[in-house]
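Below, all heavy atoms of this structure are taken into account, side chains as well, without hydrogens, waters or symmetry copies. Whatever order the structure lists them in is the order used to number ligands and atoms, beginning at 1.
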Amino acid sequence: MLIIDCEKCTACGVCETSCAFGAISVQGDCAVVNESCTLCGACVENCPVEALRIDIGEKRSQADADEYHGVLIFAESRHGKVAPVCFELLGIGRKLADQRGVPLSAVLLGGAVRGYASDLIAAGADRVLLAEHPELEQFREDIYASILEQVIGQYKPEVVLAGATAIGRSVIPYVATSINAGLTADCTRLEIRASDGMLLQTRPAFGGNIMATIECPNTRPQMATVRPKVMAPAEPDPSRKGEVLTVDLPASLLHSRLEVKETVVNTEDQVNIQEVEALVAGGRGLDSAKGFALLRELAHELGGAVAASRAAVDAGWIPYPHQVGQTGKTVSPKLYIACGISGAVQHAVGMQSSEVVVAINRDKNAPIFDIATYGVVGDLYEVVPRLIQRLQEIKK
Ligand code: FAD
């Protein structure tokens with residue numbers, strides 16, 4: 001919290017003008033802080049009489065960083081396979097661990113997951129911390145979080161990484177809050193600062209208009225979730241050697257307040273748009289859900305899948321797992337065809353690393369043309385059928 005020493009405060013108002021959040025003001029002869037304070041520290045730095053300080057409290061006190069050693073990734077598995085993002089985490093985790101000269105561990109939780117340990121070692125892990133139990137077959141936040149907390153407490157990694165997947169986004173904030181550690185969500189770049197070994201966590205901010213680099217100087221471990229498909233996966237080396245250590249699972253850790261009644265597979269969500277090479281994406285320009293039938297035809301000809309802008313998802317034309325962008329998925333297919341999508345920055349951040357972008361839009365000034373490799377100015381309902389026809393002719 002921000003502590004104001006009214007004995008020292010001269011009510012000069014410098015803190016008030018230096019606060020970007022309108023959180024501090026001079027009332028009478030002393031400054032007063034309100035609930036908008038983010039503890040950014042700007043007022044503390046600018047106070048000419050050192051009347052302000054931030055008290056990070058006992059629980060958030062400077063951890064003894066030397067006690068923390070190593071990089072740990074959360075190896076998430078579901079429906080009989082390790083999530084692809086785990087191999088991307090191992091790719092970046094290996095680089096960070098090598099730079100720090102520390103081991104890279106993967107914590108693997110599940111019902112029957114022992115078989116995946118060798119894949120994780122081949123992809124870069126030095127050791128796999130195996131938490132295997134029938135109670136872990138179904139993902140439940142409270143049990144998974146308790147086990148991760150125990151592992152972090154026991155192995156004291158300096159860095160913990162997880163995928164920014166539905167599971168990672170749900171369990172890792174739970175863990176970070178419990179252990180009072182800092183967490184940066186949805187990172188797109190991670191690196192170690194050579195001078196002090198600090199993890200620099202970069203992610204888009206303000207709608208993707210700036211890249212913010214965040215560090216956690218006061219707490220350990222430094223925790224981050226990483227967007228799938230942003231980091232390169234490690235090249236597997238089956239000859240790599242590593243150890244598999246069993247995590248102690250006392251009954252108290254396996255107690256959950258959640259009961260999973262049934263797991264239902266969403267048939268509309270069978271295709272993971274992050275894993276296909278050709279995406280045909282539709283936006284508000286489709287005008288109705290029926291437009292996706294046409295896009296599906298084109299996607300079928302290309303052996304790909306359909307994706308969407310948030311406007312199309314919000315309109316209820318297609319389910320959320322197809323959404324690309326800041327609040328959807330990041331994709332980087334070989335081919336991305338944007339149909340009736342304007343190219344708002346929040347959409348662009350999710351698809352601009354695609355190899356080839358084709359934009360079809362009837363407005364020649366649409367921003368999507370700024371990032372398109374090829375642009376077609378025209379009505380998508382005229383252009384797409386012709387593309388389908390041409391592809392069918394070529395195939396014949
Ligand atoms: P519009 O901007 O309305 O564009 C429709 C386009 O279709 C127009 O360019 C028009 O010329 C063209 N068109 C119309 N009819 C035709 C036709 N017959 N043939 C060809 N072209 C046609 N958006 C996302 O997509 N993903 C996100 O994750 C996301 N996250 C967001 C997060 C925040 C915090 C905020 C504030 C916004 C977010 N948005 C996101 C919304 C984003 O700002 C845009 O509103 C949205 O992307 C617009 O979708 P659109 O391009 O489909 O629609």
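With a 6.0 Å radius and a threshold of 12 heavy atoms from other residues, nucleotides or ligands, K395 has its NZ atom above the threshold.
Considering backbone and side-chain N/O atoms, A344 never comes within less than 3.5 Å of an N/O atom of ligand 1. The distance criterion of under 3.5 Å between nitrogen or oxygen atoms is not met by A312 with respect to ligand 1. Considering backbone and side-chain atoms alike, A308 places every N or O at 3.5 Å or more from each N or O of ligand 1. The shortest N/O to N/O separation between A366 and ligand 1 does not fall below 3.5 Å. Among the atoms of Y381, none of the N or O lies under 3.5 angstrom from an N or O of ligand 1.
Less than 4.0 angstrom separates some heavy atom of G378 from each of these atoms of ligand 1: 19 (N), 20 (C). Those atoms of ligand 1 that come under 4.0 Å of a heavy atom in D379, given as number and element, are 17 (C), 18 (N), 19 (N). Atoms of ligand 1 lying under 4.0 Å from any heavy atom of A311, numbered from 1 in the order shown and given with element: 49 (O), 50 (P), 52 (O), 53 (O). Ligand 1 places these atoms under 4.0 Å from at least one heavy atom of G325: 26 (N), 27 (C), 28 (O). Annotation for ligand 1: atoms under 4.0 Å from non-hydrogen atoms of G283 are 52 (O). Near G328, meaning under 4.0 Å from one of its heavy atoms, ligand 1 places the atoms 28 (O).
Distances from atom 27 (C) of ligand 1 to the heavy atoms of Q323, H347, R362 put Q323 nearest. Around atom 19 (N) of ligand 1, the closest heavy atom drawn from V345, I360, L380 belongs to L380. Distances from atom 53 (O) of ligand 1 to the heavy atoms of K329, K364, R284 put R284 nearest. Evaluated by nearest non-hydrogen atom to atom 28 (O) of ligand 1, the leading choice among T327, N361, L286 is T327.
Using a 4.5 Å heavy-atom threshold, the side chains of Q222 and V160 count as separate.
With no hydrogens or angles considered, a side-chain donor-acceptor pair links T330 and R227 at under 3.5 Å. In summary, the side chains of Q201 and T213 do not present any donor paired with an acceptor at a separation below 3.5 Å, with no hydrogens or angles considered.
Of the protein's non-hydrogen atoms, R310 NH1, 3.1 Å is the one closest to atom 32 (C) of ligand 1. Ranking protein heavy atoms by distance to atom 34 (C) of ligand 1, first place goes to Q326 NE2, 4.0 Å. In this structure, the protein non-hydrogen atom closest to atom 43 (O) of ligand 1 is Q346 OE1, 2.8 Å. The shortest contact between atom 26 (N) of ligand 1 and any protein heavy atom is with V324 O, 2.8 Å. What sits closest to atom 50 (P) of ligand 1 on the protein, heavy atoms only, is S309 OG, 3.6 Å. Protein heavy atom closest to atom 2 (O) of ligand 1, with residue, atom name and distance, is S342 OG, 2.6 Å. With hydrogens left out, the protein atom closest to atom 6 (C) of ligand 1 is G340 O, 3.4 Å, a heavy atom. Counting protein heavy atoms only, atom 13 (N) of ligand 1 is closest to G285 CA, 3.7 Å.
The backbone N or O of G93 sits nowhere less than 3.5 Å from a side-chain atom of D98 that would complete a donor-acceptor pair. Side-chain N or O atoms of K329 include none that pairs as donor or acceptor with a backbone N or O of I273 at under 3.5 Å. Under the 3.5 Å distance criterion, the side-chain polar atoms of Q150 are matched with a main-chain donor or acceptor of D248. Side chain of E16 to backbone of I24: no donor-acceptor contact under 3.5 angstrom is found. With hydrogens and angles disregarded, a donor-acceptor distance shorter than 3.5 Å links the side chain of E132 to the backbone of R114. At least one donor-acceptor pair closer than 3.5 Å links the side chain of K229 to the backbone N or O of Q274.
The residues K334 and E277 are annotated as salt-bridged, a charged nitrogen and a carboxylate oxygen being separated by less than 4.0 angstrom. Using a 4.0 Å cut-off between a side-chain N of Lys or Arg and a carboxylate O of Asp or Glu, R390 and E393 qualify as a salt bridge. Note on D126 versus R240: salt bridge recorded, some NZ/NE/NH1/NH2 to OD/OE distance being below 4.0 Å.
Of the two cysteines examined, C9 and C30, the SG atoms fail the criterion of being under 2.5 Å apart.
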